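All remarks here apply to the structure that follows.
If you're wondering where the values come from, they're calculated on a predicted model, not measured in any experiment.
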Amino acid sequence: MQATSTPSNETPLKEFTLRALACGIVFGCLFGAANAYLGLKAGLTVSTSIPIAVLSAAVLKLVARKESTLLEANMAQTVGSASSSLASGTIFTIPALYLWGLMPPYHQIALLALAGGLLGILAMVPLRRLLIVKADQELPYPEGRACAEVLRATESGASGGHWIFIGIALGIVVKLVVTQFHLVPEELELLLGNNAKLAIAVAPALLAVGFIVGFRASAVMVSGGLIASLVLYPLVTKAHAVGVGDPALALKAADVKSRFLIFVGAGAVAAAGLVTVIRTAPTMWSSLQAVLAGLKSGGGSASGERTDRDLPAWVLVVGLAVLFLALAFVPNFFAGNLSTGGQLLAAAGVLVFGFLFVPVSSRLVGVIGVSSNPTSAMALITLTGTAAVFLALGWRDLDARAAVLTVGTVVCVAASKAGDISQDLKTGYMVRATPARQQFGQLIAAAVACWVVAGVVWAIGSREGGFGDGGMPAPQATLMKTVIEAVLGDQLPWDLLGSGAALSLVAVLVGLPALPFALGIYLPLATMATVFVGGCVRGLLERNKERSNVETGVLCASGFVAGEGLAGVFIAGWAFYQNLGRFKAPEPELAELVGALALILVACAVLYASGKKRATS
């Protein structure tokens with residue numbers, strides 16, 4: 001649906017108000033922290049524009065009653081959604097520093113996220129007329145359009161928004177019951193011998209992920225998990241026992257993972273990322289060509305109307321100049337204790353890859369949406385290119401790895417942020433918002449949310465267990481770490497990495513999406529099984545589309561993510577404040593196992609009920 005023209009004498013509605021800004025910042029911080037927690041746990045994040053739009057509209061109506069406007073709700077969701085893109089780029093990279101034994105300071109993580117956010121926003125602003133207005137029919141921007149429809153529906157009083165509050169409440173309760181009070185085990189297991197097992201986690205957020213991505217994607221993920229758990233674990237265990245000739249020396253499951261399967265999984269994820277890069281390279285290139293061609297032809301000129309007004313050009317120029325100077329000359333902006341020449345090179349790398357991938361990302365999400373934006377593939381290209389330059393200069397030590405990684409952090413955040421603001425500007429275009437005010441709101445949001453996202457990563461990374469084995473898996477960061485080590489010439493078990501890569505390539509040959517399948521191999525089966533159950537709930541609803549309303553189900557699922565993520569952040573913060581170690585749960589009793597199963601079934605029932613169409617609707 002295309003926005004209609006506005007008469008010059010229109011009565012302006014309230015838009016950039018303190019209450020809208022406050023509402024967006026609060027919900028943005030909450031969902032940003034929750035998304036960061038989810039990404040560190042499961043290796044992916046979810047779009048938060050729609051749930052924040054519903055929550056903001058409800059709160060603004062409650063606070064301002066009849067005075068609240070559609071444009072205020074849009075401003076709140078624009079500000080609120082900014083945090084999730086900062087979370088994506090940060091959690092995909094920064095945990096690798098902890099895996100190398102480094103401890104980045106809190107402010108460094110926040111400033112890297114902020115730099116990426118500012119680069120993504122400022123570099124995308126000149127592309128708005130070209131991508132959002134001129135290419136309105138060519139680039140649908142699915143989340144942006146959907147969010148506009150949700151805003152209109154909430155404005156007209158449509159029902160269904162209460163499900164997000166139910167989801168938040170249930171997510172918080174289950175997380176506290178499982179992780180804080182330890183009343184039931186975190187997962188249910190059925191041991192099958194030779195370290196093979198079936199398992200499922202008690203985690204509403206993972207059910208939500210499965211519901212949001214759908215049955216097919218969740219089935220691909222669990223298939224990778226089943227291959228690892230039912231084939232690779234017993235195969236390695238049996239082969240090792242035969243090799244040593246003494247059954248008493250058989251490996252435990254933790255040993256199988258740390259010595260063998262972690263590298264198989266990393267190889268699978270790395271190969272899947274490479275396949276994603278190869279497949280999206282033509283689209284990236286054509287997107288870049290289209291953007292450059294449009295800019296040469298003018299990209300559309302300003303009309304002078306409120307709805308066609310961007311941030312002034314001087315703000316963009318000054319902002320980008322200050323950003324480059326900070327990247328190049330602020331000491332220790334990047335990790336790795338770089339020399340002045342090294343920091344200049346790193347800053348140049350950020351600008352080269354940033355200005356390459358910002359237009360590509362902005363255009364890609366116009367077709368495939370934010371959730372499918374291959375920001376990890378763009379980060380891989382950035383890391384490989386930067387690492388190759390460092391290798392040519394003879395920089396191969398740990399400091400060089402850390403510097404390469406943090407260059408990737410800024411670029412990954414920038415690409416993710418460009419996609420996010422593009423969707424928000426499309427929403428604004430459809431509801432007749434002021435682009436300049438949305439862009440300014442995004443700048444404010446990035447300056448606030450970066451500290452929240454950094455706080456989540458820093459708190460988890462600084463406690464006992466942290467990231468990796470025994471802590472948060474952080475699978476995307478492990479992939480980035482493996483790629484940098486490979487380029488800079490570290491000794492790696494290439495035979496195991498190659499085996500994992502072969503599994504991903506076989507999946508590609510039979511038509512499966514490589515990255516979800518590879519994540520299934522890398523992550524525990526318990527995680528993937530719960531995701532699959534959530535996908536099954538959505539599959540059941542979609543069997544009878546006339547009697548289902550998947551959109552309200554997505555709101556409930558988003559509530560699960562927010563509730564469990566916020567509770568998880570609270571628990572991690574409390575453990576850090578109290579200096580608590582990792583809780584070692586005793587063997588669960590039968591009643592506790594039944595309770596855990598009951599929680600999973602209750603969460604599934606609520607999710608299914610939220611997606612059923614009511615007779616009165």
Side-chain angles (χ1 to χ4, degrees), residues 38-39 41-47 88 92 142-143 206-229 231-232 264-284 287 360-361 364-381 412 415-416 419 473 475-480 482-483 497-525 527-539 542 550 554 557:
L38 174 64
K41 184 174 184 178
L44 44 83
T45 57
V46 296
S47 175
S88 297
F92 284 2
E143 284 101 343
L206 296 177
L207 288 173
V209 170
F211 190 91
I212 292 170
V213 302
F215 175 78
R216 173 168 167 76
S218 63
V220 172
M221 291 182 186
V222 82
S223 65
L226 290 171
I227 288 175
S229 186
V231 178
L232 298 181
V264 174
V269 175
L274 181 61
V275 168
T276 303
V277 169
I278 294 172
R279 283 181 164 177
T280 56
T283 307
M284 290 183 185
S287 296
V360 168
S361 177
L364 275 178
V365 300
V367 179
I368 62 177
V370 169
S371 301
S372 302
N373 192 14
T375 51
S376 60
M378 299 178 201
L380 281 175
I381 296 174
C412 192
S416 181
Q476 297 280 9
T478 302
L479 165 62
M480 306 303 171
T482 303
V483 169
L497 292 169
S499 298
L503 288 172
S504 284
L505 295 178
V506 169
V508 172
L509 287 176
V510 298
L512 297 178
L515 196 54
F517 178 79
L519 285 175
I521 293 175
Y522 181 79
L523 292 173
L525 175 63
T527 297
M528 295 297 98
T530 311
V531 171
F532 177 63
V533 171
C536 289
V537 173
R538 178 160 179 168
E542 290 180 337
V550 174
V554 170

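- Side-chain contact between Gln476 and Ser88 is absent, with no heavy-atom pair separated by less than 4.5 Å.
- The shortest side-chain heavy-atom distance between Phe211 and Val550 falls under the 4.5 Å cut-off.
- Distance check: Leu512 CG to Met221 CE gives 12.5 Å after rounding to the nearest 0.5 Å.
- Val222 has its side chain within reach of Leu525: a pair of non-hydrogen atoms, C-beta onward, lies under 4.5 Å apart.
- Using a distance-only test at 3.5 Å, with no hydrogens or angles considered, no donor-acceptor pair links the side chain of Ser416 to the main chain of Cys412.
- For the residue pair Ala268 and Ser504, the shortest heavy atom distance occurs at O-OG, 2.7 Å.
- Interatomic distance, Ser223 OG to Ile521 CD1, rounded to the nearest 0.5 Å: 8.0 Å.
- Scanning all heavy atoms of the two residues, the minimum distance from Arg216 to Pro513 falls at NH2-CD, 3.8 Å.
- Note that the CG atom of Leu206 and the NZ atom of Lys41 stand 5.0 Å from one another [nearest 0.5 Å].
- Side-chain N or O atoms of Arg538 include one that pairs as donor or acceptor with a backbone N or O of Ile212 at under 3.5 Å.
- For the atom pair Leu503 CG and Ile227 CD1, the distance stands at 6.5 Å (nearest 0.5 Å).
- By the 4.5 Å heavy-atom criterion applied to side chains, Val209 and Leu38 are counted as neighbours.
- A search for side-chain contact (heavy atoms from CB on, under 4.5 Å) contacts involving Ser218 returns Val213, Val531, Phe532, not counting sequence neighbours.
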